[in-house]
Trainee: 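Got a structure for you, questions after.
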Amino acid sequence: MADAQVQQEGLVPEEGVISSDLAAALYEHMTIARVLDERLVMLQREGHIVQHASAVGEEAAIVGAAAAMRDEDWLFLTARETAAALWRGVPLLACTRAAFGGGHAASARNAPHPPFSRRACIASVSPLVGTQIPHAVGVAWAARLRQEDVAALVFFGDGATSSSDFHAGLNFAGVARAPVIALCRNNGQALSTPFSMQTASRGIAIKAVAYGVRGVCVDGGDVVAVFNAVRAARERASAGEGTTLIEAVTAPSFETEDAETWARRDPLARLRHYMERRGLWNKDRDERLLAEAGSDVDLAVADARGSDEPRPGTLFSDVYAELPWHLREQRDEASRSAEGSLP
């Protein structure tokens with residue numbers, strides 16, 4: 001009966017504490033991600049990079065979820081989950097190069113960033129909303145068929161729940177009992193469409209009932225709560241209990257709030273206060289971390305600025321093992337055009 005209530009009402013049991021080492025690691029990664037995010041926002045607005053999707057205010061939901069998974073689990077990210085890639089060990093330089101689209105980051109199979117990484121078990125990012133959900137379900141189902149204890153964590157925003165891929169993916173996940181953790185970052189906005197125009201239901205977690213999977217709603221600004229919710233979902237997956245849909249409710253963009261309200265909701269401030277109350281953090285350590293993060297981001301951005309510009313041929317790379325004839329013709333034509341040999 002308790003499980004039924006949690007599923008129906010979207011409640012989470014009282015959260016436990018985490019180790020001091022984990023708390024510090026989470027805070028450090030969230031801080032680096034925030035510094036990088038703010039820098040990329042500025043670069044995009046200045047016209048130095050084409051695209052950047054900010055995740056300011058959602059770091060707890062992203063880093064906390066990634067940290068709760070195992071190294072062999074696959075992560076399916078959107079353009080906003082660069083912080084999860086950093087947690088998995090993707091170098092900061094790889095992320096900045098992907099943002100600029102230069103060097104080895106240029107590839108036709110990935111959206112601008114975060115970068116694909118087979119070593120880190122991070123799938124390619126699609127620019128289309130929701131399409132990564134069936135992909136994650138497929139990978140998780142394949143692992144179950146092979147009797148491997150491997151799960152998939154897929155991120156998406158509340159707007160993706162209006163896509164057909166969300167419904168198809170979750171429905172199939174329920175039928176196949178696939179080991180999937182489907183995490184919706186619900187900030188109530190979905191770009192220009194408010195949550196009230198996305199669904200008439202009370203939230204996202206309640207939708208799990210229709211698919212026969214577990215549904216949980218958690219405070220997405222509390223990294224400890226997110227970590228524990230995803231860790232519990234991962235344990236359910238290992239036990240053969242199938243998919244969990246987690247709704248991580250995050251604060252709307254800080255730009256729409258006054259400074260006092262944002263200070264209360266800021267996930268970095270909340271984790272910092274959590275550690276300070278336990279004697280795990282102090283002002284000096286925080287200042288050193290911010291200085292180091294700023295320096296590291298500056299170096300990575302400077303390197304990315306100096307990387308080679310992508311050649312036209314990279315538009316066709318890393319998609320097919322053998323490029324079809326019509327794409328070979330288009331590739332060659334694009335190359336000739338770039339070299340100025342076409343009229």
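In this text, all values refer to a predicted model and were calculated from it rather than measured experimentally. The basis for the numbers below is simple: all heavy atoms, side chains too, and nothing from hydrogens, waters or symmetry mates.
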Trainee: Does Asp149 come within less than 4.0 Å of Arg234, counting only side-chain N to carboxylate O?
Mentor: yes
Trainee: Roughly how far, to the nearest 0.5 Å, is the CZ atom of Arg278 from the CD atom of Glu276?
Mentor: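 If we round to the nearest 0.5 Å, Glu276:CD and Arg278:CZ are 11.5 Å apart.
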Trainee: Please confirm whether the backbone N or O of Ile204 pairs with a side-chain atom of Glu247, one donor and one acceptor, at under 3.5 Å?
Mentor: yes
Trainee: Flag yes if more than 12 heavy atoms outside Met42 fall under 6.0 Å of its CE atom; otherwise flag no.
Mentor: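 Yes, because the 6.0 Å sphere around CE of Met42 holds more than 12 heavy atoms from other groups.
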Trainee: Do Asp284 and Glu287 have side chains that get closer than 4.5 Å, going by heavy atoms?
Mentor: yes
Trainee: Tell me the closest heavy-atom pair linking Ser201 and Lys207, and the distance in Å.
Mentor: OG-NZ, 3.4 Å
Trainee: Does a side-chain heavy-atom distance below 4.5 Å link Val63 with Leu86?
Mentor: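 Result no, sub-4.5 Å side-chain heavy-atom pair not found.
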Trainee: Quick check for you: to the nearest 0.5 Å, what is the distance between Ser162 atom OG and Asp165 atom CG?
Mentor: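 Ser162 OG to Asp165 CG: 12.0 Å, rounded to 0.5 Å.
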Trainee: Please give me the minimum heavy-atom distance between Pro179 and Ala237, naming the atom from each residue.
Mentor: CB-CB, 3.7 Å
Trainee: Say whether, by atom type as modelled, one donor and one acceptor occur between the side chain of Ser295 and the main chain of Ala291 under 3.5 angstrom.
Mentor: no
Trainee: Given the rule in the side chain to side chain contact (heavy atoms under 4.5 Å, CB included) test, do His52 and Leu43 qualify, once you have shown the distances and angles that lead to the verdict?
Mentor: CA-CA 9 Å; His52 175 66; Leu43 289 167; over 6 Å; no
Trainee: Quick check against the 3.5 Å criterion: does Asn228 have a side-chain atom that pairs as donor or acceptor with the backbone of Val224?
Mentor: yes
Trainee: Please evaluate residues Met69 and Arg231 with respect to the criterion side chain to side chain contact (heavy atoms under 4.5 Å, CB included), reporting the C-alpha separation (whole Å), side-chain torsions for both, the decisive distance (0.1 Å), and the verdict.
Mentor: CA-CA 7 Å; Met69 301 298 288; Arg231 176 58 59 88; over 6 Å; no
Trainee: Could you tell me whether the side chain of Glu292 and the main chain of Leu289 form a donor-acceptor pair under 3.5 Å?
Mentor: no
Trainee: Tell me yes or no: between the side chains of Ser238 and Glu235, is some donor less than 3.5 Å from an acceptor?
Mentor: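 Side chains of Ser238 and Glu235: no pair found under 3.5 Å.
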Trainee: Does Leu145 share a hydrophobic cluster with Val150, counting links as ILVMFWY side-chain heavy atoms below 4.5 Å and allowing steps through other members?
Mentor: yes
Trainee: Look at the side-chain heavy atoms of Ile, Leu, Val, Met, Phe, Trp and Tyr, link any pair under 4.5 Å apart, and say whether Met30 and Leu280 land in one connected group.
Mentor: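 Yes; Leu280 is reachable from Met30 via cluster members.
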Trainee: For Val90 and Ala120, which heavy atoms make the closest approach, and how far apart are they?
Mentor: CG2-CB, 4.2 Å
Trainee: Could you state the interatomic distance from CD (Gln51) to CG (Leu40), rounded to the nearest 0.5 Å?
Mentor: 11.5 Å
Trainee: Measure the CZ-CZ distance between Arg285 and Arg272 for me, rounded to the nearest 0.5 Å.
Mentor: 13.0 Å
Trainee: Any chance you could measure Asn186, atom CG, to Phe195, atom CZ, to the nearest 0.5 Å?
Mentor: 4.5 Å
Trainee: Mind running side-chain hydrogen bond (donor to acceptor under 3.5 Å, both in side chains) on Glu81 and Thr78 for me, showing each step along the way?
Mentor: CA-CA 6 Å; Glu81 276 84 43; Thr78 75; 2.6 Å; yes
Trainee: On a heavy-atom basis, which atom in Val216 and which in Thr244 lie closest, and how many Å separate them?
Mentor: CG2-CG2, 4.3 Å
Trainee: Quick check: closest heavy atoms across Gly294 and Val35, and the distance to 0.1 Å?
Mentor: CA-CG1, 4.0 Å
Trainee: Please state whether the rings of Tyr27 and Trp281 are parallel, tilted or perpendicular, taking 30° and 60° as the class boundaries.
Mentor: perpendicular
Trainee: Under 3.5 Å, side chain of Asp73 to main-chain N/O of Ala151, donor-acceptor pair present?
Mentor: yes
Trainee: Run through Val139, Val125, Val180, Ile133 and flag the one making a side chain to side chain contact (heavy atoms under 4.5 Å, CB included) with Phe76.
Mentor: Val139
Trainee: Indicate, with yes or no, if Val175 and Val154 share a hydrophobic cluster defined by side-chain heavy-atom contacts under 4.5 Å among Ile, Leu, Val, Met, Phe, Trp and Tyr.
Mentor: no
Trainee: When you compare the side chain of Leu36 with that of Thr82, does any pair of heavy atoms fall below 4.5 Å?
Mentor: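 Side chain of Thr82 against side chain of Leu36, heavy atoms only: contact under 4.5 Å found.
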Trainee: Spell out, as yes or no, whether a donor-acceptor pair under 3.5 Å connects the side chain of Thr243 to the backbone of Gly174.
Mentor: no
Trainee: Would you say Val129 ends up clustered with Leu77 if hydrophobic residues are merged whenever their side chains have heavy atoms under 4.5 Å apart, either directly or through other cluster members?
Mentor: no
Trainee: For the residue pair Ile246 and Val218, establish whether any side-chain heavy-atom pair is separated by less than 4.5 Å.
Mentor: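 Yes; the side chains approach each other to less than 4.5 Å.
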Trainee: Would you indicate whether the side-chain heavy atoms of Cys184 and Thr161 approach each other to under 4.5 Å?
Mentor: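 The answer is yes, as the side chains (C-beta and beyond) meet within the 4.5 Å cut-off.
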Trainee: Give, for atom CZ of Arg185 and atom CZ of Arg80, the distance between the pair rounded to the nearest 0.5 Å.
Mentor: 6.0 Å
Trainee: Linking I/L/V/M/F/W/Y whenever their side-chain heavy atoms sit closer than 4.5 Å, directly or via other members, would Phe166 and Leu128 fall into one cluster?
Mentor: no
Trainee: Between Thr96 (side chain) and Ala300 (backbone), is there a donor-acceptor pair under 3.5 Å?
Mentor: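 Such a contact is found between Thr96 side chain and Ala300 backbone.
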Trainee: When you compare the side chain of Arg236 with that of Ile181, does any pair of heavy atoms fall below 4.5 Å?
Mentor: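 In short, these two side chains do not touch, never coming nearer than 4.5 Å.
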Trainee: Should Leu26 and Leu22 be marked as a side chain to side chain contact (heavy atoms under 4.5 Å, CB included) after you check the CA-CA gap, both sets of side-chain angles, and the distance that decides it?
Mentor: CA-CA 6 Å; Leu26 291 169; Leu22 177 58; 3.9 Å; yes
Trainee: Distance to the ring centre below 6.0 angstrom and angle to the axis at most 45 degrees; does that hold for Arg270 and Tyr274?
Mentor: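 Ring-cation test returns no.
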Trainee: Checking Arg177 side chain against Gly240 main chain: does a donor-acceptor pair fall under 3.5 Å?
Mentor: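 Answer holds: yes.
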Trainee: Quick check: closest heavy atoms across Ser54 and Asp37, and the distance to 0.1 Å?
Mentor: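 Minimum heavy-atom separation between Ser54 and Asp37: OG-OD1, 3.1 Å.
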Trainee: Would you call Cys121 and Arg88 a side-chain contact if the rule is heavy atoms closer than 4.5 Å?
Mentor: yes
